[in-house]
Amino acid sequence: MSTPFPFTAVVGMDDLRLALLLNAVSPAVGGVLVRGEKGTAKSTAVRALSALMPEVEVVGGCRFSCDPALPDPLCPDGPHEVGPGALRPARMVELPVGASEDRLVGALDIERALSEGVKAFEPGLLADAHRGVLYVDEVNLLHDHLVDLLLDAAAMGASYVEREGVSVRHAARFLLVGTMNPEEGELRPQLLDRFGLTVEVAASREPETRVEVVRRRLAYDDDPAGFAGRWAEEESALRERIVAARALLSDVRLGDAALLQIAATCAAFEVDGMRADIVMARTATALAAWAGRTDVLAEDVRQAALLALPHRRRRNPFDAPGLDQDKLDDTLEEFKGEDDDPDPDGPGGGPAPEGGPDAPEDSGSEEGDDAPAASPRPGGGGGEQAAVRAGEPYRTKMLSVPGLGEGAAGRRSRARTEHGRTTGSRRPRGALTKLHLAATVQAAAPHQRARGRSGAGLVIRKDDLRQATREGREGNLVLFVVDASGSMAAKRRMSAVKGAVLSLLLDAYQRRDKVGLVTFRGNDAEVALPPTSSVDAAAARLESLPTGGRTPLAAGLLKAHDVLRVERLRDPARRPLLVVVTDGRATGGADPVALAARAARLHASEGTASVVVDCESGIVRLGLAGTLAGDLGGTCITLDDLRADSIAGLVRDVQGNRRRAA
């Protein structure tokens, strides 16, 4: 086993280390979500925590880590008698992003269950993580069906494996820790709320700090065991402090004044539900225990708010996480109780650890909330105008790719999936995961006499088993091609166009799509955002998009073709949806209209599903966007038709559109 990087050797990242330590003191806090750019040692800090976790006492031989003082009466390895157990280190179990459902919850041998009546169960990662830490790196990239299973286990404290009436249940209470890079996409709100605390991390811009990070990392890589030995004393002291804080936790008093401040703070920031209040209370209590106190002070409440509320106050996917700290201070001051005397030792009271509650308050999470519109680029093309703000987003009509796909799970287009409604059966390829019971019985029934059946049960053989085929929804690659030329530059018009694209981006977020953005203006087109799962990044690029110049429509379509060609090689199962936002005009160069038509027919020849959002305005309309949609073999809609409360049926079958056009 490799030697982990020592927790006390991690440079900086005070908020992250404090959040992890508070969860080590009180697992009831509910885990940590670590958000930050790549290469900021998020995973290193989380993995280092495992060496500091106190040992747990378990029933000897139990695969599900039952507590000998209070064993689970429904444990698959039980029943267990109450008595002394064995100590072992707390586990940190890593959940790979691409894990299967059986790997997470465990596998049940259906063949033995049907033929022998035996519940042969192989535990999964949830069983391994019980009474320990479940760590998910790149948690925002986790497939939806695994997210659903995590939500169920986190809500019930147990994992259920159901296979056609045969079920196994075991306890699954764990500390959930996740890391993510927001540029790669956001989390579903339900899973986001399950993390007790959240912290933002970024690489230091101080040269001295960066030098120390490199120095320690190189020393660790050269001699991991020797480097860890040099930090052993600090690690031992921190481990003892965690044990002492755990012992003190039950004696900490959460007074009415602190409870009132917690409730007032959650109400002031309009968080949903009551989980935020409970998490803040538990965090403030853990902070007091960590500081060696038995009373919760206002400073504890403030620090708890900074850790527990930023990810809960977001009202939509494009809001930046974070708290208005002036508003927080005003709320705490307004509801300050008589027992909130200032602590002479500073925030948190008592000695704070390296990485304690004395972290800088300005994390930069509010940066950009009130940023002005982007200014014109220096040396920009003729007639370039500054970017205008997008109009208010709204709910859009459903856009989908026709046919039946096999892409990643999502909520847009029809697809063959592991989850969804059952549409038929087939022989299993590899391990059986979803049994089609009726088809299995039908396959086995004709052979019962030949197999010597004598009792009431069927004689089942492996060849009889049938896998259920299911149909659900997939996520797609939605590639936006946005006209930013001079013909779109009227302020109100471009604001409406950006509002429409922003609405479609919000829809893509909710349907778990990847998105990309191509813009064209002046003499060329550019990929403003390569395909990504981060709709936040796409929204930011859209907001700063300037307009002006000619309309190289053909260049925009050809650039989109290049992007889709590369993505087909990278992810052939994910089907694309091309959304062209333009008034259909094409200018610049020789015969720009013919060039645009040829570029559009190139997309049509490859079967790319497409929608043209017609941005033409005024009484006299040329209908050029409709002509473009015909060349693409797609559908043309107006900005008004895009709204969910307008006429129905936006996207038709591509082949049907071609037949009508012919």
Side-chain angles (χ1 to χ4, degrees), residues 1-8 20-32 43-96 99 103-107 121-137 150 153-154 157-159 168-178 224-225 228-229 231-250 286:
M1 181 178 179
S2 60
T3 303
F5 193 92
F7 189 86
T8 50
L20 292 172
L21 290 170
L22 292 177
N23 275 275
V25 170
S26 175
V29 167
V32 186
S43 300
T44 298
V46 173
R47 293 189 178 103
L49 177 68
S50 60
L52 300 176
M53 298 289 288
E55 292 183 323
V56 295
E57 190 175 11
V58 299
V59 174
C62 178
R63 297 175 297 168
F64 301 89
S65 301
C66 280
D67 185 346
L70 191 64
D72 181 3
L74 299 178
C75 175
D77 284 355
H80 304 299
E81 295 183 0
V82 177
L87 286 174
R88 65 157 175 80
R91 291 174 180 160
M92 176 169 286
V93 178
E94 294 196 34
L95 171 60
R103 183 73 185 96
L104 177 62
V105 301
F121 181 68
E122 184 66 29
L125 295 176
L126 290 181
D128 292 341
H130 178 48
R131 303 179 67 201
V133 179
L134 182 64
Y135 171 47
V136 189
D137 194 13
L150 275 181
S159 174
V168 173
R169 173 245 177 236
H170 65 82
R173 291 181 293 276
F174 47 83
L175 181 65
L176 183 61
V177 179
W231 291 88
E233 186 175 344
E234 289 84 348
E235 292 280 290
S236 178
L238 193 57
R239 192 178 300 109
E240 291 175 2
R241 186 174 178 184
I242 292 173
V243 173
R246 277 195 172 190
L248 183 63
L249 190 63
S250 59

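When reading the values below, keep in mind they use all heavy atoms of this one structure, side chains included, and skip hydrogens, waters and symmetry mates. Numbering of residues begins at 1 and proceeds along the displayed sequence.
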Examine F64 together with H170 and report whether their ring centres are nearer than 6.0 Å.
yes

What distance do [X] atom [atom1] and [Y] atom [atom2] have between them, rounded to the nearest 0.5 Å?
X: M53; Y: R239; atom1: CE; atom2: CZ; result: 12.0 Å
X: L87; Y: E55; atom1: CG; atom2: CD; result: 5.0 Å
X: H80; Y: C66; atom1: NE2; atom2: SG; result: 4.0 Å
X: L95; Y: D137; atom1: CG; atom2: CG; result: 10.5 Å
X: E240; Y: E235; atom1: CD; atom2: CD; result: 12.0 Å
X: L21; Y: S26; atom1: CG; atom2: OG; result: 12.5 Å

Just jot down the side-chain hydrogen bond (donor to acceptor under 3.5 Å, both in side chains) partners of R47, sequence neighbours excluded, or say none.
E94

Restricting to side-chain hydrogen bond (donor to acceptor under 3.5 Å, both in side chains), what partner residues turn up for D67, sequence neighbours left out?
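Not a single residue meets the side-chain hydrogen bond (donor to acceptor under 3.5 Å, both in side chains) criterion with D67.
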
Any idea which heavy atoms bring [X] and [Y] closest together, and the distance?
X: G30; Y: N23; value: N-OD1, 3.5 Å
X: P76; Y: V168; value: CG-CG1, 3.7 Å
X: V82; Y: A69; value: CG1-O, 4.1 Å
X: L249; Y: A286; value: CD1-CA, 3.9 Å
X: T3; Y: P224; value: CG2-O, 3.9 Å
X: L238; Y: F7; value: CD2-CD2, 3.7 Å

Flag the pair [X] / [Y] as yes when at least one side-chain heavy-atom distance between them is below 4.5 Å, and no otherwise.
X: P79; Y: P73; result: no
X: F174; Y: V133; result: no
X: I242; Y: P54; result: yes

Among V177, L126, L175, whose side chain to side chain contact (heavy atoms under 4.5 Å, CB included) with L134 holds?
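By the side chain to side chain contact (heavy atoms under 4.5 Å, CB included) criterion, L134 pairs with just one of V177, L126, L175: L126.
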
Non-neighbouring partners of F5 that pass ring pair (Phe, Tyr, Trp, His ring centres under 6.0 Å), sequence neighbours left out
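Only Y220, F227 meet the ring pair (Phe, Tyr, Trp, His ring centres under 6.0 Å) criterion with F5.
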
Does a donor on one side chain sit under 3.5 Å from an acceptor on the other, for R91 and S50?
no

Less than 3.5 Å apart, any donor N or O on the side chain of Y135 or S43 sitting next to an acceptor on the other?
yes

Under a 3.5 Å distance rule, please check whether [X] uses its side chain to pair with a backbone N or O of [Y] as donor and acceptor.
X: D128; Y: V93; answer: no
X: D77; Y: C62; answer: no
X: R131; Y: S65; answer: yes

Under 4.0 Å between a Lys/Arg side-chain N and an Asp/Glu carboxylate O for R169 and D72?
yes

